[in-house]
Amino acid sequence: QVQLVESGGGLVQSGGSLRLSCTASGIDFKVDIMGWHRQAPGKQRELVAEFIGENIPIYAASVKGRSTISRDFAEKTLYLQLNSLQPEDTARYYCHVGGLRDYWGQGTQVIVSS
């Protein structure tokens, strides 16, 4: 019943930007963590950015300084602004919500061409 739907991915040229969105529904429990993870082909899933605690944002070193995680409480939407994209950012990006249980979206593809 919990559903996380991502959007905003696509093909972008190196140096470009994308804004990913994740809209949540069906969540009726306390949310402790919400954020974004990514997984490239042949690699393990890794944290990109997330909110912990009340509203504390943390970022992976690989994206710190060129990404911004934000959320719209009224619309129950989580965002990830990615700037200065590089080929190594190519991956499937997943929305994650953690609390009583952990939930994941289907992901949205980001492909950065060189």
Side-chain angles (χ1 to χ4, degrees):
Q1 63 174 54
V2 171
Q3 187 171 207
L4 305 176
V5 181
E6 303 98 330
S7 63
L11 176 64
V12 63
Q13 194 172 358
S14 180
S17 300
L18 285 173
R19 191 190 193 200
L20 310 182
S21 299
C22 169
T23 299
S25 63
I27 299 177
D28 59 357
F29 53 85
K30 182 178 182 292
V31 174
D32 299 314
I33 301 173
M34 60 173 63
W36 296 89
H37 294 237
R38 68 185 182 187
Q39 186 168 27
K43 298 181 180 179
Q44 56 187 316
R45 190 171 298 187
E46 63 178 359
L47 170 71
V48 178
E50 67 180 3
F51 283 111
I52 60 173
E54 295 78 22
N55 196 31
I56 305 170
I58 61 171
Y59 299 89
S62 59
V63 301
K64 186 175 294 184
R66 60 187 185 89
S67 66
T68 302
I69 186 170
S70 61
R71 58 188 175 185
D72 184 326
F73 289 100
E75 298 297 323
K76 297 181 179 179
T77 303
L78 182 70
Y79 302 97
L80 180 66
Q81 177 70 39
L82 295 168
N83 301 318
S84 300
L85 286 163
Q86 304 158 30
E88 52 264 41
D89 292 315
T90 295
R92 190 167 184 84
Y93 286 69
Y94 297 89
C95 180
H96 169 247
V97 172
L100 183 64
R101 297 286 187 275
D102 287 285
Y103 297 93
W104 299 85
Q106 291 296 107
T108 184
Q109 294 279 5
V110 170
I111 300 175
V112 185
S113 62
S114 60

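All values reported here derive from a predicted model rather than from experimental measurement.
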Donor-acceptor pairs are to be reported for all side-chain atoms of residues 96-111 against protein atoms at under 3.5 Å, with residues two or more places apart or in another chain.
| unit_1 | atom_1 | unit_2 | atom_2 | d |
| --- | --- | --- | --- | --- |
| His96 | NE2 | Asp102 | OD1 | 2.8 |
| Thr108 | OG1 | Gly9 | N | 3.1 |

Distance-only donor-acceptor hits, side chain of residues 34-49, under 3.5 Å, sequence neighbours excluded:
| unit_1 | atom_1 | unit_2 | atom_2 | d |
| --- | --- | --- | --- | --- |
| Trp36 | NE1 | Tyr79 | O | 3.4 |
| Arg38 | NE | Glu46 | OE2 | 2.7 |
| Arg38 | NH1 | Asp89 | OD1 | 2.9 |
| Arg38 | NH1 | Tyr93 | OH | 2.8 |
| Arg38 | NH2 | Glu46 | OE2 | 3.2 |
| Arg38 | NH2 | Ser62 | OG | 3.4 |
| Gln39 | NE2 | Lys43 | O | 3.0 |

Checklist entry - Taking atom CG of Leu78 and atom CG of Leu80, what is their separation to the nearest 0.5 Å? => result 7.5 Å
Item to check | Pairs flagged by disulfide bond (SG atoms under 2.5 Å apart) wherever residues 47-85 is involved - sequence neighbours left out | outcome: none
Item to check | side-chain hydrogen bond (donor to acceptor under 3.5 Å, both in side chains) partners for Lys30, two or more places apart | outcome: Asp32
Item to check | Interatomic distance, Ser114 atom OG to Leu85 atom CG [nearest 0.5 angstrom] | outcome: 13.0 Å
Checklist entry - Could you go step by step and tell me if Lys64 and Ile58 meet the side chain to side chain contact (heavy atoms under 4.5 Å, CB included) rule? => result CA-CA 9 Å; Lys64 186 175 294 184; Ile58 61 171; over 6 Å; no
Next on the checklist: For the backbone of Gln81 and the side chain of Thr68, can you confirm whether one donor and one acceptor N or O come within less than 3.5 Å of each other?
Outcome noted: no
Residues 12-28, side-chain donor-acceptor partners within the protein, below 3.5 Å, at least two apart:
| unit_1 | atom_1 | unit_2 | atom_2 | d |
| --- | --- | --- | --- | --- |
| Ser17 | OG | Asn83 | OD1 | 2.9 |
| Thr23 | OG1 | Thr77 | OG1 | 3.4 |

Checklist outcome for this item: So ring-ring contact (aromatic ring centres under 6.0 Å, His included) across residues 43-71, not counting sequence neighbours, yields none
Item to check | Contact summary for Ile52 and Glu50, nearest pair of heavy atoms | outcome: CG2-OE2, 3.7 Å
